[in-house]
Student: 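Here it is, the structure in full.
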Amino acid sequence: MKKILIFASGNGSNFQAIAEHLLPKGIEIELLTDKEGCYACERAEKLGVKSHFVPFKQTEEFLKTAKYDLYVLAGYMRILPASVLQYGTFVNIHPSLLPKYKGMDAIKQAFDAGETECGVSVHYVTEEVDAGKIIEQRSIKVRPTLEETESEVHKLEHEMYPHIVGQLLGGKTPAL
Ligand code: GRF
């Protein structure tokens, strides 16, 4: 039985999409958050997923005590140091066509820059923010408004991430 730990700090829509896709397949899922009571925690409760509130400074301590097959960052608003990343394979989702538009407000950055294409990247996590090897990247056309573009990007995230996490757990690395 495979077991994953999803890291989220806020809304948790990607966490929910992954859980809804993988729980029925028998994958065990737990949530780690650095923000007690965040909306992701409420989603976890509704889904029957165990959640752990772990203040950022205690992350390494927590990971020493438990073993997971994969660590999945989904809106976790912290930069993990090498001392934490040594515990396993960490992946992240970022709403841009990396290496373009790293960091915060990536969709808005692309929209404001007048891009005609934007998208989503799933990548391995390294100490450098949004810079690890890309596992899969998909693009969509920028829509007339920022709100529509954001909504399409999030829809794409919810399609891509559960599928990719499932493939990684099956030992398959999705094609680049
Ligand atoms: C997503 O856009 C993800 O790409 C980025 O943070 C956002 C998290 O959204 N890393 P949610 O909390 O999963 O709804």
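Counting starts at 1 for both ligands and their atoms, following the listed order.
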Student: Tell me, please, which residues at least two apart from F56 pass ring pair (Phe, Tyr, Trp, His ring centres under 6.0 Å).
Tutor: none
Student: Do T33 and H52 pass the side-chain hydrogen bond (donor to acceptor under 3.5 Å, both in side chains) test, and can you show the C-alpha distance, the side-chain angles, and the key distance before you say yes or no?
Tutor: CA-CA 6 Å; T33 187; H52 305 271; over 6 Å; no
Student: Should the pair E152-K141 be classified as a salt bridge under the 4.0 Å nitrogen-to-oxygen rule?
Tutor: no
Student: Considering only residues two or more places apart or on different chains, which pairs with a residue in residues 67-81 satisfy side chain to side chain donor-acceptor pair (under 3.5 Å)?
Tutor: E30-Y68, D34-R78
Student: Applying side chain to side chain donor-acceptor pair (under 3.5 Å) as the test, list every pair that has at least one member in residues 35-45; sequence neighbours left out.
Tutor: N11-R43, Q16-R43
Student: So, for L98 and S121, which heavy atoms are closest and what is the spacing to 0.1 Å?
Tutor: N-OG, 3.1 Å
Student: What does the 4.0 Å heavy-atom contact list look like for ligand 1?
Tutor: N11, G12, S13, N14, G75, I93, H94, P95, H154, E157
